[in-house]
*Asks:* 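Before I ask anything, let me first share the structure, which is written out below as structure tokens.
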2 protein chains.
Amino acid sequence: MHSTQEPRPTPVSRRRVTAAMVADLAGVSTATVSLVANGKAEGRVSTANEAKVRAAIRELGYVVDGIGSSLARGVSNTVIMIAPDISNPFFATVIAGVRAALGSQFQLLLSVTDAGQLPSADDTRRLLGLRPAGLLVDAPEPSFLEELSAPGPLVLLDAPGFGPEVPAVNLDVAQGSRLLAEHLAAAGHKKVAYLDGTTGTTTFEVRRTAFLAAAAELGMEVPAGALAAAAINVGLAATAFAEVWPRWKRDGITAVVCATDTHAYGILQEARATGISIPGELAVTGFDNLPYSMTSSPGLTSINLPGELLGRRAAEQLLKLIAGEHLETQQVTLESSLMVRGSTSDI
Amino acid sequence: MHSTQEPRPTPVSRRRVTAAMVADLAGVSTATVSLVANGKAEGRVSTANEAKVRAAIRELGYVVDGIGSSLARGVSNTVIMIAPDISNPFFATVIAGVRAALGSQFQLLLSVTDAGQLPSADDTRRLLGLRPAGLLVDAPEPSFLEELSAPGPLVLLDAPGFGPEVPAVNLDVAQGSRLLAEHLAAAGHKKVAYLDGTTGTTTFEVRRTAFLAAAAELGMEVPAGALAAAAINVGLAATAFAEVWPRWKRDGITAVVCATDTHAYGILQEARATGISIPGELAVTGFDNLPYSMTSSPGLTSINLPGELLGRRAAEQLLKLIAGEHLETQQVTLESSLMVRGSTSDI
DNA sequence: CTGAAAGCGCTTACAG
DNA sequence: CTGAAAGCGCTTACAG
């Protein structure tokens, strides 16, 4: 710690270039500078003045100050995305979609919380204090909206379980589960198991419930004891599988559906280590279609969720809300698709 | 698109609560409200007034407006982190470190660019227009600073190759390479190969150069043709390895060092598929110590880079700069460590 | 087409 | 301890 007396070094930097400085140099008012700098000159500023202002802007290196501008307009040109988990290859594709749709008019800023944690109401209020033009919230908990009053334009991503009145773009994971069940049933499996996550996330509930329903409907049995669970971790999934496999085998189970690809990697690993033939002895499916699922051996049959599209649609909806437009559909649901690979099919 | 005539629905939300409203309710001036709301009341506001203001703040749900505050103070309470690649488990740990060190005084906001792209100078200028209290830049290109004038408090992360005058926290990947070389030399390897990345990133250059130097020093040979390269992708790495392996084998190579764990996964996969014994026939090492390296089979010997610490140290340095303090060390380098697992050692 | 002026919400010397 | 007032940098009716 330094004493307060010690003089701070004067910043070497040139002082901030303001619209007033540009106006002085160009010989116009700041109103004119503002018009030109914001691309609103058309029909409101003489071409002569516009040229003078542009020259001055270039000479001084003027950039409109976001803070001053936001205060005057009441809103910033920022879109804030709140996300609980960024350490996820899927998330990067969502971001790419958001960025693509947002274009250059709005600046995308991410607010992340510690692994799996949702932002506190305080955090969110502070974020709102930055006056974002809009808010994107990924995988929020059901209680998220209660803490928020007057959030402004807002679109939820991957948020099943919210009322139809809140704009959201969702992934049809239930449909993914059905596709998996149909695929296995078509291959002749009669007894199947399910390896769930342990976090109790809504999407996991939906994945499991929809699979069990579809399996029953298609005449496949999920015997008692054929439901296991493990955290999202290859090693833990392997261990959990090793524990239940003898019983599953005895019960005549020939296929297992995993809540995530990561769980499935654990099974593939354990099967390799102990010589279980995949898919001959046991067919395995994942969920999420992570990049590694394409190159693992065997390749992993999985459900592809359209991440890029999820981000894009959400941003498009948000853009409409920001523009004050009406949304034809408050809730959009995106289809998932089945990727068949070696883990379920010998081809 | 809607016509401009159409009336926009009046926002249902209560209007923004301002300091003036709080002042009215409490019967004090906005100056007093500001002092209390910012925790600067101590010794400057009577306890009676402080209590009145606190009550009013609670009643109205007042939150200091970030934009107004930033404009008045000349700087926001935001720290912006610019990062080129978030789809990386390593990055999540870096963020966790940053958040831990930053505490609650500053709001961390991430600005990400499309995969592997650095932010344009324009983007960065717009970011600076938000008047962040400080800037954290992860893995910038050497030219990054040239485009920036007067960036304010700034700390670089994982940025080898910048002058000693710019504050940075770096990872000692060269040391990691040496550890790998020593480990292999100690195990008696005489002829070793290197599987590089193809992106030409600075860190890859350093990894390779340092390994080759250490290998030579320790009396290990890297024969001509024992340098291969592949993109950071399991499948592509497997293919690249399959192509060179016959020659490597003929040349008597008994160990291969990979630029990333992902490359090593490709080799493990190909080895499994074609029956190459790891580590008996070929020892394999990765770099980065990704989570999966602990649970793969065999486990992957790798270099652990301290991500959490990287984030934490960088944020600590930035905090000092923001406080106007002097940095004892402008450049901090963090040690990496060797994780020995089954891919190099039979135990 | 143009500029003077008000106002966005806050903070901070300043005078009392 | 307190409040009136200036000022942060910009945008936008408004009057001309």
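The sequence lines fix the lettering, A, B, ..., with proteins before strands; numbering per chain opens at 1. Small disclaimer: the values here were computed from a predicted structure and weren't measured.
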*Asks:* To the nearest angstrom, how far is B/L71 atom CG from D/dG9 atom P?
*Replies:* 7 Å
*Asks:* Rounded to whole angstrom units, what separation is found between the CZ atom of B/R16 and the C1' atom of C/dC10?
*Replies:* 12 Å
*Asks:* Among A/D24, A/T18, A/V17, exactly one meets side-chain contact (heavy atoms from CB on, under 4.5 Å) together with A/L60. Which residue is that?
*Replies:* A/V17
*Asks:* Relative to the 5' end of DNA chain D, which residue comes earlier, A/I67 or B/V45, by the nucleotide with the nearest heavy atom?
*Replies:* B/V45
*Asks:* Mind checking if A/V33 touches a base, just sugar-phosphate, or nothing, with heavy atoms under 4.0 Å?
*Replies:* nothing
*Asks:* For B/A37, check side chain to side chain contact (heavy atoms under 4.5 Å, CB included) against everything at least two apart and list the hits.
*Replies:* B/I57, B/Y62, B/V64
*Asks:* Measure all distances between protein nitrogen or oxygen atoms and nitrogen or oxygen atoms of nucleotides 12-16 of chain D, and list the pairs falling under 3.5 Å.
*Replies:*
| unit_1 | atom_1 | unit_2 | atom_2 | d |
| --- | --- | --- | --- | --- |
| D/dT12 | OP2 | A/K40 | NZ | 3.1 |

*Asks:* May I ask you to decide whether A/E50 forms a salt bridge with A/R54, counting only side-chain N to carboxylate O separations under 4.0 Å?
*Replies:* yes
*Asks:* Kindly compute the distance separating CZ (B/R126) from CG (A/N77), expressed to the nearest 0.5 Å.
*Replies:* 5.0 Å
*Asks:* Grab the CZ-C1' distance between B/R131 and C/dT11 for me, whole Å please.
*Replies:* 13 Å
*Asks:* Pairing of DNA chain D as dot-bracket, 5' to 3': ( ) intra-strand, [ ] crossing, | other strand, . unpaired, with Watson-Crick or G-U pairs under 3.5 Å?
*Replies:* |||.||||||||.|||
*Asks:* Can you sort out the partners of B/R131 under side chain to side chain contact (heavy atoms under 4.5 Å, CB included), two or more places apart, ordered by chain and number?
*Replies:* A/R16, A/D65, A/I67, B/L71
*Asks:* Contacts to DNA chain C from residues 47-56 of chain A, heavy-atom cutoff under 4.0 Å, which residues?
*Replies:* A/N49
*Asks:* Go through the structure and list residues passing side chain to side chain contact (heavy atoms under 4.5 Å, CB included) with A/L127, not counting sequence neighbours.
*Replies:* A/I80, A/I82, A/S111, A/L130, B/Q107, B/L109
*Asks:* Expressed as a whole number of angstroms, how long is the span from A/L130:CG to C/dG9:P?
*Replies:* 15 Å
*Asks:* From CG of A/D65 over to P of D/dG9, roughly how many Å is that when rounded to an integer?
*Replies:* 7 Å
*Asks:* State the CE-OG1 distance between A/M21 and A/T30, to the nearest 0.5 angstrom.
*Replies:* 14.0 Å
*Asks:* Looking at D/dT2, I'd like to know if its phosphate oxygens (OP1 or OP2) sit under 4.0 Å from a side-chain N or O belonging to B/S46.
*Replies:* yes
*Asks:* Quick one: does any side-chain atom of B/Q317 pair with a main-chain N or O of B/T329 as donor and acceptor, under 3.5 Å?
*Replies:* yes
*Asks:* Considering only the C1' atoms, how many Å lie between D/dT12 and D/dG16, rounded to the nearest integer?
*Replies:* 16 Å
*Asks:* Taking all heavy atoms of A/L157 and all of A/G311, pick out the closest pair and write down the distance.
*Replies:* CD2-CA, 4.3 Å
*Asks:* Once you round to the nearest 0.5 Å, how far does CD of A/E308 lie from CG of A/L334?
*Replies:* 11.0 Å
*Asks:* Please report the interatomic distance CG(A/L102) to CE(A/M81), rounded to the nearest 0.5 Å.
*Replies:* 10.5 Å
*Asks:* Could you state the CG-C1' distance from A/N77 to D/dC10, rounded to the nearest angstrom?
*Replies:* 13 Å
*Asks:* If you look at every strand shown and take non-hydrogen atoms under 4.0 Å, does B/V64 touch a base, only sugar-phosphate, or nothing?
*Replies:* sugar-phosphate
*Asks:* Which pair of heavy atoms, one from A/L110 and one from B/V112, lies closest together, and at what distance?
*Replies:* CD2-CG1, 4.1 Å
*Asks:* Look at A/S69 and D/dC10 and indicate whether a side-chain polar atom (N or O) is within less than 4.0 Å of OP1 or OP2.
*Replies:* no
